[in-house]
Amino acid sequence: MRQYTTSEGTTALLKDNSIDMEGTDPSAVDPILDAAKPLYEPTEQALVITSAADGKHSTGSLHYSGEALDLRIWNLPTPAQVAERLQQELGPDYDVVHHEGSHIHVEYDPA
């Protein structure tokens with residue numbers, strides 16, 4: 001698997017070659033991965049980006065502007081709790097949504 005490394009040195013795996021990190025805004029997405037890594041480390045789930053500035057998303061999605069990521073949850077024992085803790089770590093400038101059975105969506109959306 002290809003990897004993406006943040007400016008802080010956090011490494012995340014990319015689901016496949018279709019993931020387009022070139023279209024992302026590092027100032028928006030790097031903090032997501034830096035905050036998620038310690039939450040994923042004690043689990044059996046690697047930190048895997050399943051969607052970035054690629055794919056099909058709803059109209060107005062922040063994926064298209066490079067300010068959102070989807071994270072894999074397959075082996076997370078409590079993905080809703082991970083999403084909740086991620087929201088706490090990132091603060092109010094980010095929105096974190098657990099799409100049950102699918103992924104955790106995180107976007108930079110300051111008020």
Side-chain angles (χ1 to χ4, degrees):
M1 280 187 164
R2 291 181 357 203
Q3 297 181 346
Y4 174 81
T5 303
T6 71
S7 59
E8 296 294 320
T10 299
T11 301
L13 300 174
L14 304 179
K15 176 184 82 170
D16 57 33
N17 289 333
S18 70
I19 305 301
D20 179 12
M21 294 303 290
E22 303 239 350
T24 61
D25 176 357
S27 68
V29 301
D30 283 8
I32 296 168
L33 299 171
D34 293 336
K37 187 68 172 183
L39 301 176
Y40 274 65
E41 281 179 339
T43 74
E44 293 184 24
Q45 176 62 62
L47 181 56
V48 178
I49 301 166
T50 60
S51 187
D54 55 292
K56 293 182 182 179
H57 305 281
S58 59
T59 302
S61 170
L62 295 180
H63 281 280
Y64 295 121
S65 62
E67 298 173 307
L69 295 176
D70 292 339
L71 305 175
R72 180 170 285 163
I73 61 169
W74 288 352
N75 296 317
L76 286 179
T78 56
Q81 288 179 354
V82 169
E84 193 174 299
R85 288 189 57 211
L86 187 54
Q87 180 66 70
Q88 292 169 352
E89 291 294 322
L90 290 169
D93 286 346
Y94 285 84
D95 297 325
V96 180
V97 179
H98 169 228
H99 291 276
E100 193 167 334
S102 178
H103 63 278
I104 294 174
H105 170 85
V106 189
E107 62 186 30
Y108 178 66
D109 191 17

### Straight-line distance of I104 CD1 to L76 CG, nearest 0.5 Å
6.0 Å
### Message
Quick check for you: to the nearest 0.5 Å, what is the distance between R72 atom CZ and I49 atom CD1?
### Response
11.0 Å
### Query
Between L69 and A52, what is the shortest heavy-atom contact and its length?
CD2-CB, 3.7 Å
### Query
Say you draw a straight line from CG of L33 to OG1 of T10; how long is it, rounded to the nearest 0.5 Å?
7.0 Å
### Query
If every non-hydrogen atom of A53 is compared with every non-hydrogen atom of G66, which pair is closest and at what distance?
CB-CA, 4.4 Å
### Summary
Rounded to the nearest 0.5 angstrom, the NE2-CD distance for H63 and E107 is 7.5 Å
### Query
What pair of heavy atoms forms the shortest contact from K37 to T11, and how long is it?
NZ-O, 3.4 Å
### Query
Applying side-chain hydrogen bond (donor to acceptor under 3.5 Å, both in side chains), which residue pairs with at least one partner in residues 38-52 are found, sequence neighbours left out?
S51-H57
### Query
Heavy-atom distance under 4.5 Å between the side chains of D30 and Y4, does that happen here?
yes
### Message
Assigning hydrophobic clusters by single linkage (Ile, Leu, Val, Met, Phe, Trp, Tyr; side-chain heavy-atom cutoff under 4.5 Å), is L62 placed with L90?
### Response
no
### Query
What's the spacing between N17 CG and M1 CE if we round to 0.5 Å?
10.0 Å
#### Entry: Any donor-acceptor N or O pair under 3.5 Å, side chains S65, E67
yes
### Message
Looking at Q87 and V96, would you say the former's side chain and the latter's main chain have a donor-acceptor pair under 3.5 Å?
### Response
yes
### Summary
Heavy-atom nearest pair, Y94 first then A28, reads OH-O, 2.8 Å
### Task
Before giving the answer on side-chain contact (heavy atoms from CB on, under 4.5 Å), spell out for V29 and Y108 the whole-Å C-alpha distance, their side-chain angles and the decisive distance to 0.1 Å.
CA-CA 7 Å; V29 301; Y108 178 66; over 6 Å; no
### Message
Using side-chain heavy atoms (C-beta onward) and a distance below 4.5 Å, is L86 in contact with L71?
### Response
yes
### Task
Write down the atom of D54, the atom of S18, and the distance for their closest heavy-atom approach.
CB-O, 3.4 Å
#### Entry: Nearest-0.5 Å distance, CG of residue L39 to CD of residue Q81
11.0 Å
#### Entry: Summary of side-chain hydrogen bond (donor to acceptor under 3.5 Å, both in side chains) pairs that have at least one residue in residues 19-29, sequence neighbours excluded
D25-S27
### Task
Identify the heavy atoms of I19 and R2 that sit nearest to each other, and give their distance.
O-NH2, 2.9 Å
#### Entry: N/O donor-acceptor pair under 3.5 Å between D70 side chain and H103 backbone
no
